[in-house]
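Quick notes on the structure that follows.
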Amino acid sequence: MKRSIFLPVVAFIGFLFLYIPIVSLVIFSFNKSKLVTVWGGWSTKWYGELLHDPQILGAAWISLKIGFVSATLATVLGTIAAMVLTRFGRLRGRGLLTGMVTAPLVMPEVITGLSLLLLFVTMEAMFGWPAGRGMLTIIIAHTTFCMAYVAVVVQSRLVDMDDAIEEAAADLGARPLRVFFDITLPMIAPALISGWLLSFTLSLDDLVIASFVSGPGASTLPMVIFSKVRLGVSPDINALATLIVVTVAIGISISWFFMRKKVK
Amino acid sequence: MSQQLTACERRPWIEAVETPFIRIKNITKSFGDFAAVDDVSLDIYKGELFCLLGGSGCGKSTLLRMLAGFETPTSGHIEIDGQDMAGVSANLRPTNMMFQSYALFPHMSVEHNIAYGLLREGISKPEAMARVGDMLALVKLGDFAARKPHQLSGGQQQRVALARSLVKRPKLLLLDEPLGALDKKLREETQFELIQIQESLGVTFIVVTHDQEEAMTLSTRIGVMDAGKIVQIGEPPQIYEAPDTKFVADFIGSVNMFEGKVDVAVADTLRIKTSDAGVDLVVDTHQNVDAHQKVWIAVRPERIVISRDKPKADNVVKGMVEEVAYLGNLSIYRVRLGTGKVLKVTKSNRLHDGAAIKWDEDVYLSWSAAAGVVLTK
Amino acid sequence: MRALLARLGLNGRTLVIAVPMVWLLVFFLIPFLVVLKISVAEPLIARPPYSPLFVDGAIKATFSNYAYLWQDALYINAYLSSIKIAFFATVLALLIGYPMAYYIARSAEPKRSLLLLLIVLPFWTSFLLRVYAWIGILKTKGILNLILMKIGVISEPLIIMQTDIAVYIGIVYTYLPFMILPLYANLVKLDDSLLEASTDLGARPVTTFIKITLPLSLPGIIAGSMLVFIPAIGEFVIPALLGGPDTLMIGKILWSEFFSNRDWPVASAVAIAMLVLLVIPIMLLRMAEGKQGAAT
């Protein structure tokens with residue numbers, strides 16, 4: 001079948017559409033002038049400003065910490081949920097658990113954020129915990145919605161797996177916990193890693209939920225970025241964006257090379 | 001010691017003096033209204049190679065999984081070596097299973113796959129590895145110890161699965177369609193090896209299969225299953241030569257079936273009036289039948305003699321050859337009788353007696369009264 | 001120890017089930033009950049800024065917040081506007097995303113993996129920053145206007161920023177990977193021999209596409225559309241950064257109700273209304289899909 005020129009052209013325009021904003025971010029991070037319409041020459045001064053900005057650096061650090069903890073917690077909880085839903089056969093409350101695990105995927109962030117904040121406020125009034133809002137509440141919130149993503153990723157891997165392999169291990173005398181650690185875990189490891197990375201990214205990128213459940217002294221990076229860009233273009237943010245794009249590009253390229261090696 | 005004679009030789013099911021090793025008593029497994037296994041009772045003796053034979057959906061795999069402990073019976077008991085298996089989880093049972101998909105652990109080497117079960121018993125690593133080595137020699141995979149499953153061929157994977165399930169010396173080995181994935185030649189070779197291994201180790205095997213040739217080759221006894229029930233148990237010759245029902249007669253091998261009514265009974269010989277054959281048929285039987293009772297006569301294709309000249313025999317019919325299939329060692333003839341019924345006749349090509357019978361020839365088909373089997377259900 | 005736990009009805013299995021179950025009950029389900037409770041409260045100048053549910057042992061609740069939603073046209077308009085915007089954005093994303101997904105699915109390795117990588121890469125970079133990028137492009141003194149004016153297509157700058165159009169662009173842009181990936185997953189499984197059979201039977205390429213490819217890719221179309229449409233309705237960041245004061249989207253309304261007006265009860269009522277009108281039908285739809293999937 002002769003391929004028309006239509007598809008490649010449309011696809012090319014589509015990719016262009018996808019990348020022009022990113023490219024523009026990168027280019028203008030090197031623009032000496034603050035204005036987009038004026039090219040002031042190449043300069044790395046915005047990078048300097050960025051790296052000396054305590055507010056941004058502090059927020060970045062907080063976001064990284066929150067991301068790490070949330071991603072790890074979410075991976076553990078999400079994997080357990082996925083195991084329960086796929087391997088535990090008939091159980092009471094299956095519908096409820098399924099619903100609760102998948103609902104965060106469709107829930108608008110404003111609702112999740114609001115509901116969690118109201119929960120924390122009520123809990124503080126009733127029990128005194130959590131005392132005020134900050135990193136802890138953000139971690140709890142992020143873990144809750146990230147575990148949904150982990151559960152989906154791990155569940156699809158579990159379903160694809162031949163569960164006769166786990167039965168074989170049991171048949172050979174391994175108790176259920178052993179089967180999980182000896183057999184299941186190694187086989188779902190790639191899904192766990194993707195789940196962790198996905199959670200980490202989602203946590204790092206979250207603005208809405210963090211805004212609702214955060215407190216004084218716990219401003220995340222997105223919160224700081226948002227307050228800055230509401231006022232307009234800010235080139236040090238461009239510099240930050242460029243750094244992130246470069247990091248992600250390197251990370252993805254590395255993982256791509258590893259995947260190709262494995263396939264060979 | 002009874003161990004020295006194989007189950008095939010001892011045939012304990014005839015006298016029923018020996019205590020059965022596996023007792024399946026009134027086992028039922030229902031999923032809602034549907035009974036996958038329907039009130040099955042079965043005794044299996046030590047050292048048997050017992051085959052559960054049936055088509056898909058007959059319940060044989062479900063029964064196997066209940067023996068392994070992966071399904072819980074809705075009602076009934078299972079006893080292995082005198083021990084009731086109720087409440088005993090799969091990992092604690094004295095059974096091991098060889099899975100249809102082999103279920104080898106992909107991230108472990110062949111050695112570690114086989115050693116896994118031994119390590120779970122608490123056996124020391126050196127001793128476990130020694131036993132693994134013995135087992136690898138038995139299945140002729142000694143050079144493959146360090147390989148991973150994906151580096152093996154299908155036949156090799158199957159041997160690893162077998163070795164892994166045997167190395168723990170289980171009281172009962174359960175095999176789920178063990179030869180299904182192999183090509184025909186490999187299957188034939190492996191069938192005999194399987195029997196040899198089983199006889200030398202003395203382990204009781206229960207094999208689930210839908211391949212009746214496989215069941216006939218491997219088994220000490222066969223249990224034919226249909227719709228959740230066991231319809232006949234017996235040694236392969238018995239199942240083949242003396243089926244209890246139309247289903248069994250039809251399921252195993254090929255069969256020519258005549259439907260008719262009992263006309264006269266003289267001693268053990270019946271005269272049957274049938275419209276299928278056009279003439280009255282004569283058949284020997286030990287069954288008690290009434291006059292005018294509806295019966296079927298099953299005649300195996302190899303018991304029918306095909307000839308150009310009219311022979312002297314208990315049953316003779318005339319027909320025309322519709323199809324000839326030459327298979328090398330034998331030929332299969334499809335012959336249409338005057339009544340319209342088509343009979344299948346096989347003839348060995350061992351004797352090249354005269355010119356071969358061809359299409360559209362008029363022939364006589366004949367068989368003795370003893371060649372037919374009377375079936376009432 | 002194990003015996004004791006067994007007596008209490010707790011075994012390993014129950015404990016394992018309990019862990020995610022309890023977490024989700026506490027941090028996912030109960031919050032909605034709290035929102036429900038506050039939605040029937042009255043706003044107060046206090047900490048917390050709403051009236052308690054139980055006063056002297058009696059329940060004090062009011063539906064005035066819901067009545068307020070119903071009466072003020074703003075909220076109904078915002079709902080309808082959100083649905084409208086999300087719908088058209090989804091259609092646009094489909095029109096752009098389908099050819100891209102098709103092209104990638106039909107490409108041979110290693111080009112295909114590379115293209116997939118290029119689709120996925122933006123997804124891993126910050127969503128917020130990618131939306132921000134459009135500010136620089138779309139604003140009056142932005143890159144787009146600069147280029148268009150320089151090459152003479154327009155003489156006056158286009159006002160795109162802070163209009164609904166900017167929101168459409170923003171939504172399509174950020175959600176495009178979510179449309180492409182399920183479409184790709186579906187199209188890549190399409191059996192080439194079906195298309196060949198269609199051609200062999202005399203169909204033109206366009207006909208093959210309409211009668212064979214399109215219907216078979218329907219599950220992918222639905223999946224991708226749901227992944228765009230549903231979250232887009234409740235979007236906040238895109239209308240906040242790219243939209244104007246006239247841009248009515250319900251996510252933005254909830255936010256300003258909470259942060260600007262400090263009216264927690266009304267914000268809660270908006271949230272409950274969103275749940276009832278949006279999320280519950282969606283969950284029912286997914287449950288129905290799940291049942292159908294299990295039955296087939």
Exercise for the section: Walk me through it: do C:F236 and A:E109 pass the test side chain to side chain contact (heavy atoms under 4.5 Å, CB included)? Expected result: CA-CA 8 Å; C:F236 163 74; A:E109 293 177 317; over 6 Å; no
Exercise for the section: Side chain from CB out, backbone as N, CA, C, O: work out which of these in C:I272 comes under 4.5 Å of a heavy atom of chain A, or both, or neither. Expected result: neither
Exercise for the section: With a 4.5 angstrom heavy-atom cut-off, could you sort out which part of A:I13 is near chain C: side chain, backbone, both or neither? Expected result: neither
Exercise for the section: Pick one of side chain, backbone, both or neither for A:V76, based on which atoms fall under 4.5 Å of a heavy atom in chain C. Expected result: neither
Practice task
Could you look at C:L275 and say if it's the side chain, the backbone, both or neither that has a heavy atom under 4.5 Å from chain A?
Solution key: both
Exercise for the section: Side chain from CB out, backbone as N, CA, C, O: work out which of these in A:M147 comes under 4.5 Å of a heavy atom of chain C, or both, or neither. Expected result: side chain
Exercise for the section: With side chain to side chain contact (heavy atoms under 4.5 Å, CB included) as the test, would you mind laying out the steps for C:L118 and A:Y19 before giving the verdict? Expected result: CA-CA 9 Å; C:L118 288 177; A:Y19 275 88; 3.6 Å; yes
Completion exercise
If one checks every heavy atom of A:L25 against chain C at 4.5 Å, the contacting part turns out to be side chain
Completion exercise
Looking only at C:W264, C:W255, C:Y103, C:Y132, the option with the highest number of non-hydrogen pairs under 4.5 Å against chain A is C:Y132
Problem - Atom group of C:L115 that falls short of 4.5 Å from chain A, counting heavy atoms - result: both
Exercise for the section: Grab the two heavy atoms, one from A:D205 and one from C:L128, that are nearest each other, plus how far apart they are. Expected result: OD1-N, 3.8 Å
Problem - Heavy-atom check, side chain of C:F123 versus side chain of A:L198, under 4.5 Å - result: yes
Problem - Heavy-atom contact with chain A under 4.5 Å, split by part of C:F258 - result: side chain
Practice task
Pick one of side chain, backbone, both or neither for A:S211, based on which atoms fall under 4.5 Å of a heavy atom in chain C.
Solution key: both
Fill in the blank from the handout: To the nearest 0.5 Å, atom CD1 of A:I22 lies from atom CZ of C:R130 at 6.5 Å
Handout entry: Part of A:F28 within contact of chain C (heavy atom distance under 4.5 Å)
Key = side chain
Practice task
Compare every heavy atom of A:L7 with every heavy atom of C:P99, then report the nearest pair and how far apart it is.
Solution key: O-CD2, 3.4 Å
Problem - C:I143, part contacting chain A, at a heavy-atom distance under 4.5 Å - result: both
Practice task
Name the option with the most non-hydrogen atom pairs under 4.5 Å to chain A; the candidates are C:S113, C:S268, C:P177, C:A101.
Solution key: C:S113
Exercise for the section: Return yes when atom CZ of C:F178 has more than 12 non-hydrogen atoms of other residues, nucleotides or ligands closer than 6.0 Å, and no otherwise. Expected result: no
Problem - Heavy-atom contact with chain A under 4.5 Å, split by part of C:E109 - result: side chain
Practice task
Output the option from C:K139, C:E235, C:M21 having the highest count of non-hydrogen pairs under 4.5 Å with chain A.
Solution key: C:M21
Practice task
Evaluate the criterion side chain to side chain contact (heavy atoms under 4.5 Å, CB included) for residue pair C:V270 and A:V110; output intermediate values, then yes/no.
Solution key: CA-CA 10 Å; C:V270 173; A:V110 286; over 6 Å; no
Problem - Between C:I233, C:I119, C:V237, C:I96, the one whose heavy-atom pairs under 4.5 Å with chain A are most numerous - result: C:I119
Handout entry: Contacting region of A:D206 [heavy-atom separation from chain C under 4.5 Å]
Key = neither
Completion exercise
Here the gap from A:L116 atom CG to C:F32 atom CZ, rounded to the nearest 0.5 Å, amounts to 8.0 Å
Exercise for the section: Taking all non-hydrogen atoms of both residues into account, name the closest pair between A:P108 and C:M274 and its distance. Expected result: CG-CE, 3.8 Å
Problem - Interatomic spacing from CG in C:L176 to CZ in A:F17 - rounded to 0.5 Å - result: 6.5 Å
Practice task
Measure distances from A:L197 to the heavy atoms of chain C and classify the residue's part below 4.5 Å as side chain, backbone, both or neither.
Solution key: both
Exercise for the section: Kindly check if the number of other-residue, nucleotide or ligand heavy atoms within 6.0 Å of CZ (A:R94) is above 12? Expected result: yes
Problem - Minimum-distance pair of heavy atoms, taken over all atoms of C:W23 and A:I140 - result: CZ2-O, 3.9 Å
Fill in the blank from the handout: Residues C:A133 and A:P21: closest non-hydrogen pair is CB-O, 3.7 Å
Exercise for the section: Compare all side-chain heavy atoms of C:P20 with those of A:V101 and state whether any distance is below 4.5 angstrom. Expected result: no
Handout entry: Winner by heavy-atom pair count (cut-off under 4.5 Å) against chain C, out of A:L85, A:L177, A:V208
Key = A:V208
Completion exercise
Max heavy-atom pairs within cutoff under 4.5 Å with chain A, candidates C:P122, C:P231, C:G234, goes to C:P122
Problem - Between A:I225, A:L117, A:L114, A:T122, the one whose heavy-atom pairs under 4.5 Å with chain C are most numerous - result: A:L114
Practice task
Below 4.5 Å from any heavy atom of chain C, which atoms of A:T112 appear? Answer side chain, backbone, both or neither.
Solution key: neither
Practice task
Heavy atoms only, distances under 4.5 angstrom: which of A:P104, A:G95, A:A151 has the most pairs with chain C? Name it, please.
Solution key: A:P104
Problem - Per-residue contact mode, A:F15 against chain C (heavy atom under 4.5 angstrom) - result: both
Exercise for the section: Would you mind telling me which of A:V10, A:I244, A:V229, A:T247 has the largest number of heavy-atom pairs within less than 4.5 Å of chain C? Expected result: A:V229
Completion exercise
Taken to the nearest 0.5 Å, the spacing of A:I252 CD1 from C:L121 CG works out to 4.0 Å
Fill in the blank from the handout: Honestly, the part of A:P176 sitting under 4.5 Å from a heavy atom of chain C is neither
Problem - Toward chain C, the part of A:I237 with a non-hydrogen atom under 4.5 Å - result: both
Completion exercise
Smallest heavy-atom separation, C:V26 atom then A:L119 atom, equals O-CD2, 3.5 Å
Exercise for the section: Let me know if C:L33 has heavy atoms under 4.5 Å from chain A in its side chain, its backbone, both or neither. Expected result: neither
Completion exercise
Interface check, chain A: of C:L129, C:L29, C:L254, most non-hydrogen pairs under 4.5 Å belong to C:L129
Problem - Separation between CG of A:L97 and CD1 of C:I17, rounded to the nearest 0.5 Å - result: 8.5 Å
Problem - Gap separating the CH2 atom of C:W124 from the CG atom of A:L204, nearest 0.5 angstrom - result: 11.5 Å
Practice task
Check the pair A:F145 / C:F28 against side chain to side chain contact (heavy atoms under 4.5 Å, CB included), numbers first and verdict last.
Solution key: CA-CA 9 Å; A:F145 82 81; C:F28 184 76; over 6 Å; no
Exercise for the section: Give, as side chain, backbone, both or neither, the part of A:T201 having an atom under 4.5 angstrom from any heavy atom of chain C. Expected result: side chain
